[in-house]
Amino acid sequence: RLAKEYAQIIKVVTPLPGPTTKADCLNNVYKMIKQYEERHDVNFDIIVMHDAEDVVHPHSFLLYNYLIPRVDVMQLPILPLPTSWRRIVHWTYADEFSETHMKDVPVREKISGFVPFAGVGTGFSRRVFHALEQISGHEIFNEKSMAEDYSMSKKLRLMGLKTIFVNLVLADDKS
């Protein structure tokens with residue numbers, strides 16, 4: 001419905017009926033990006049990955065545009081929005097995710113240079129996708145892995161591509 005109403009939204013349907021994986025979905029989205037570029041004679045220099053339920057701060061795009069030409073991938077911290085304390089499972093997951101992003105990932109980056117991707121809040125230079133296509137063909141995201149984002153970050157690290165964690169929390173303009 002939204003794709004019909006807004007021309008800038010492109011609906012991507014995977015060819016397999018499912019169940020499927022996030023990696024399969026992402027590979028199909030990338031295939032659609034390439035088809036769109038070919039049809040419209042454009043090239044996207046940066047590809048940003050977010051989930052549909054993410055709230056994306058508009059200033060994050062300024063960061064991607066500024067940093068991506070200098071690095072291959074940048075990961076922003078992912079933090080949960082406030083919700084009822086009764087959602088204990090949500091908060092357990094959200095607390096763990098936030099702690100990893102605000103403590104563990106910056107330390108891992110400083111010690112080893114390795115930045116594990118969260119699967120969301122991640123911006124990629126197009127060089128990344130071209131490099132991955134050279135070694136793995138059409139499958140950019142590992143469809144055999146339930147941690148496609150982590151396996152991709154490891155593969156890019158082994159390839160010597162520059163990944164960074166931007167330890168910056170973008171707040172609402174009202175705060």
Side-chain angles (χ1 to χ4, degrees), residues 8-10 12 21-23 25-27 29-30 32-34 36-37 42-83 90-136 140-142 145-175:
Q8 68 271 29
I9 296 176
I10 299 167
V12 179
T21 63
K22 184 173 181 178
C25 293
L26 291 171
N27 284 329
V29 167
Y30 181 59
M32 184 63 72
I33 289 170
K34 291 188 339 183
Y36 180 92
E37 289 175 324
V42 297
N43 289 303
F44 298 114
D45 295 328
I46 300 171
I47 296 174
V48 178
M49 191 165 51
H50 276 288
D51 285 344
E53 69 274 9
D54 291 347
V55 176
V56 181
H57 196 288
H59 294 152
S60 66
F61 296 109
L62 296 172
L63 280 173
Y64 294 124
N65 284 328
Y66 178 74
L67 292 171
I68 294 292
R70 296 159 178 80
V71 300
D72 295 298
V73 183
M74 62 174 274
Q75 172 69 60
L76 290 174
I78 305 302
L79 303 171
L81 293 174
T83 189
H90 164 83
W91 279 116
T92 302
Y93 173 78
D95 285 350
E96 182 180 323
F97 207 90
S98 295
E99 186 166 359
T100 297
H101 263 224
M102 299 313 289
K103 293 179 181 176
D104 298 352
V105 173
V107 170
R108 289 176 84 167
E109 180 183 26
K110 295 285 186 234
I111 291 172
S112 69
F114 177 66
V115 177
F117 306 149
V120 297
T122 313
F124 301 91
S125 74
R126 196 50 177 272
R127 290 183 303 272
V128 168
F129 286 82
H130 290 307
L132 290 171
E133 283 178 309
Q134 294 300 313
I135 63 168
S136 61
I140 301 296
F141 297 92
N142 183 356
S145 172
M146 293 307 288
E148 74 292 324
D149 45 1
Y150 193 88
S151 69
M152 181 189 212
S153 58
K154 185 175 179 188
K155 191 181 298 183
L156 296 181
R157 170 83 168 127
L158 295 173
M159 293 170 69
L161 295 174
K162 176 89 173 134
T163 63
I164 63 169
F165 180 77
V166 180
N167 197 1
L168 175 67
V169 176
L170 297 170
D172 188 343
D173 290 339
K174 298 172 194 154
S175 53

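All residue numbers refer to positions in the sequence shown, counting from 1.
His57 NE2 to Leu76 CG: the interatomic distance, rounded to the nearest 0.5 Å, is 11.0 Å. In this structure, OG on Ser125 lies 13.5 Å from OH on Tyr64, to the nearest 0.5 angstrom. Note that CZ of Phe44 is 7.0 Å distant from CD1 of Ile33, once rounded to the nearest 0.5 Å. Atoms OG and CZ, from Ser153 and Arg108 in turn, are 8.0 Å apart once rounded to the nearest 0.5 Å. The CG atom of Leu161 sits 7.5 Å away from atom CG of Leu132, with the distance rounded to the nearest 0.5 Å. Annotation: the span from Phe165 atom CZ to Met102 atom CE amounts to 6.0 Å, rounded to 0.5 Å.
For NZ of Lys22, the number of neighbouring non-hydrogen atoms (other residues, nucleotides, ligands) closer than 6.0 Å is greater than 12.
For the pair Val71/Thr163, no side-chain contact is recorded, criterion being any heavy-atom separation below 4.5 Å from C-beta on. At least one side-chain heavy atom of Ile68 sits less than 4.5 Å from a side-chain heavy atom of Met74. Within the 4.5 Å cutoff, side-chain heavy atoms of Phe61 are placed close to those of Val56. Proximity of Pro116 to Val105: side-chain heavy atoms (C-beta onward) are separated by under 4.5 Å at one or more points. Contact check for Ile10 versus Met32: side-chain heavy atoms found under the 4.5 Å cut-off. Using a 4.5 Å heavy-atom threshold, the side chains of Val128 and Met152 count as touching. You'll find the side chain of Lys34 reaches within 4.5 Å of the side chain of Glu133, heavy atoms only. In this structure, the side chains of Leu26 and Ile140 stay at 4.5 Å or more apart for every pair of heavy atoms.
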(request) Using the side-chain contact (heavy atoms from CB on, under 4.5 Å) rule, take Leu67 and Ile164 through it: C-alpha gap first, then chi angles, then the decisive distance, then the call. (result) CA-CA 9 Å; Leu67 292 171; Ile164 63 169; 4.1 Å; yes

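Contact record, Tyr36 with Val42: CE2-CG2, 4.1 Å, taken as the closest heavy-atom pair. Between Glu148 and Ala23, the shortest heavy-atom contact is CB-CB, 3.8 Å.
Aromatic rings of Tyr30 and Phe124 (six-membered ring for Trp) have centroids beyond the 6.0 Å cut-off, not under it.
A donor-acceptor pair is defined here as one N or O able to donate and one able to accept, closer than 3.5 Å; no such pair exists between the side chain of Gln134 and the backbone of Phe129. Side-chain N or O atoms of Ser60 include none that pairs as donor or acceptor with a backbone N or O of Pro58 at under 3.5 Å.
No option in Arg127, Arg126, Lys155 other than Arg127 meets the salt bridge (charged side-chain N to carboxylate O under 4.0 Å, His left out) test with Asp72.
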